[in-house]
Amino acid sequence: MKFTNTFSVAGRCEETGALGVIVTSSSPSVGARCPWAKQGVGAILTQNVTDPRLANIGLNVLENGFDAESTINAMKETTPFSEYRQLAVVDANGNSAVFTGNKALGVHGEFSAENVASIGNLLSDPNIPEQMGKTFLNAKGSLADRLIAAISKGFEMGGEMDQEHSIGLLVYQEDAFPFVDLRVDYSDQPLEDLKRAWEIYGPQAEDYRIRAITPEVAPSYGVKGDE
């Protein structure tokens with residue numbers, strides 16, 4: 001069995017209330033399993049021998065008005081294998097909580113503060129989650145920019161014991177659908193590929209939102225035939 005390693009950040013924008021998560025791993029398609037969020041509800045990370053079902057439980061708990069710590073407790077109590085799991089939650093009010101089971105892989109770490117929670121396993125440096133969280137809190141720009149800055153700090157510090165291959169970024173703003181949902185499912189340079197995708201998509205993100213909400217005032221699509 002090949003063990004894969006993961007580090008991640010969940011965050012909330014204190015100005016807009018936007019919620020988002022970013023996660024990277026040596027395994028493929030980490031964005032399909034670990035990062036979860038819902039507008040006006042919260043952001044959740046579930047990793048380390050990942051059980052994505054726990055995220056659905058967590059989002060349901062948050063929707064019923066419970067805070068981040070209560071949500072972590074509910075996710076732990078609904079699985080017979082909590083010792084294998086690593087979880088992080090930021091709720092819509094900015095409360096945060098983290099959990100690492102006693103069978104977490106390798107060197108692991110966690111950090112939580114108002115509006116941010118970060119976790120990691122099989123790390124090259126146990127301080128990575130704390131430094132990612134602090135980078136998020138000190139970063140400027142949009143929530144997506146701040147999450148990318150935070151995960152970049154993890155890469156700068158050495159990241160995982162194995163090479164990262166996938167990354168996912170998910171951000172919800174005021175709508176029921178994600179404002180940003182970008183994934184690199186397998187690459188030898190996932191962070192660089194994600195930054196490039198965000199460089200292209202970021203300036204257009206609001207246009208795509210307008211096309212969904214008020215298409216009659218949407219800007220030109222800029223494609224052949226759209227004269």
Side-chain angles (χ1 to χ4, degrees), residues 4-13 18-27 29-39 41-62 67-76 78-79 81-82 84-92 94-101 104-105 108-123 128-133 135-137 143-144 146-148 150-155 159-160 164 166-172 178 180-184 190 194:
T4 58
N5 23 31
T6 308
F7 57 98
S8 55
V9 184
R12 172 182 175 271
C13 176
L19 295 154
V21 282
I22 191 166
V23 57
T24 187
S25 179
S26 55
S27 66
S29 302
V30 69
R33 299 183 303 277
C34 297
W36 304 83
K38 192 169 185 179
Q39 180 268 335
V41 176
I44 292 178
L45 290 158
T46 169
Q47 62 191 50
N48 191 85
V49 194
T50 310
D51 184 352
R53 296 173 299 177
L54 297 180
N56 289 327
I57 293 167
L59 290 172
N60 286 333
V61 172
L62 289 172
D67 64 9
E69 190 66 43
S70 299
T71 300
I72 287 281
N73 289 335
M75 289 191 288
K76 288 163 53 181
T78 52
T79 173
F81 305 109
S82 62
Y84 290 94
R85 315 304 182 189
Q86 194 171 39
L87 308 167
V89 176
V90 175
D91 66 32
N95 302 304
S96 68
V98 292
F99 168 75
T100 299
L105 299 172
H108 47 79
E110 58 186 41
F111 174 81
S112 63
E114 186 176 4
N115 294 315
V116 66
S118 48
I119 49 179
N121 57 75
L122 279 170
L123 297 169
I128 285 175
E130 179 179 358
Q131 292 305 310
M132 289 194 302
T135 297
F136 173 84
L137 292 173
L143 182 59
R146 294 170 66 192
L147 289 168
I148 291 172
I151 207 85
S152 296
K153 182 64 174 180
F155 276 82
E160 305 173 354
E164 295 84 1
S166 66
I167 194 167
L169 170 66
L170 182 63
V171 173
Y172 277 80
V180 180
D181 187 358
L182 298 177
R183 284 170 42 185
V184 176
L194 179 71

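Because the structure is a prediction, the values reported are computed rather than measured. Just so it is clear, the values below take in all heavy atoms, side chains as well, and ignore hydrogens, waters and symmetry mates.
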When rounded to the nearest 0.5 angstrom, what distance separates [atom1] in [X] from [atom2] in [Y]?
| X | Y | atom1 | atom2 | value |
| --- | --- | --- | --- | --- |
| I151 | L194 | CD1 | CG | 9.5 Å |
| L59 | L54 | CG | CG | 11.0 Å |
| L87 | E110 | CG | CD | 10.0 Å |
| I22 | M132 | CD1 | CE | 9.5 Å |
| T71 | E69 | OG1 | CD | 9.0 Å |
| T78 | N73 | OG1 | CG | 10.5 Å |

Locate the shortest heavy-atom distance separating [X] from [Y]; write the atom from each residue and the value.
| X | Y | value |
| --- | --- | --- |
| P129 | L123 | CD-CD1, 3.7 Å |
| L45 | V23 | CD2-CB, 4.2 Å |
| R85 | D51 | CZ-CB, 3.7 Å |
| I167 | P190 | CG2-O, 3.5 Å |
| A68 | D91 | N-OD2, 3.0 Å |
| H108 | L105 | CD2-O, 4.0 Å |

Side chains of D67 and S70 only: does a donor on one sit below 3.5 Å from an acceptor on the other? yes
For the residue pair [X] and [Y], establish whether any side-chain heavy-atom pair is separated by less than 4.5 Å.
| X | Y | result |
| --- | --- | --- |
| S25 | S166 | yes |
| V116 | F111 | yes |
| F81 | V49 | no |
| L143 | F136 | yes |
| M75 | T79 | no |

Under 3.5 Å: donor-acceptor pair, side chain of [X], backbone of [Y]:
| X | Y | answer |
| --- | --- | --- |
| S26 | N5 | yes |
| S96 | A113 | yes |
| N48 | Y84 | yes |
| R12 | L19 | no |

For T50, what residues pass the side chain to side chain contact (heavy atoms under 4.5 Å, CB included) criterion, not counting sequence neighbours?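 Partners of T50 under the side chain to side chain contact (heavy atoms under 4.5 Å, CB included) test: R33, C34, T46, Q47, P52.
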Stepwise, does the side-chain contact (heavy atoms from CB on, under 4.5 Å) test hold for V9 with T135? CA-CA 10 Å; V9 184; T135 297; over 6 Å; no
Assess the residue pair T6 and Q86 against the criterion (side-chain contact (heavy atoms from CB on, under 4.5 Å)); give the C-alpha distance rounded to whole Å, side-chain angles, the decisive distance to 0.1 Å, and a yes or no. CA-CA 10 Å; T6 308; Q86 194 171 39; over 6 Å; no
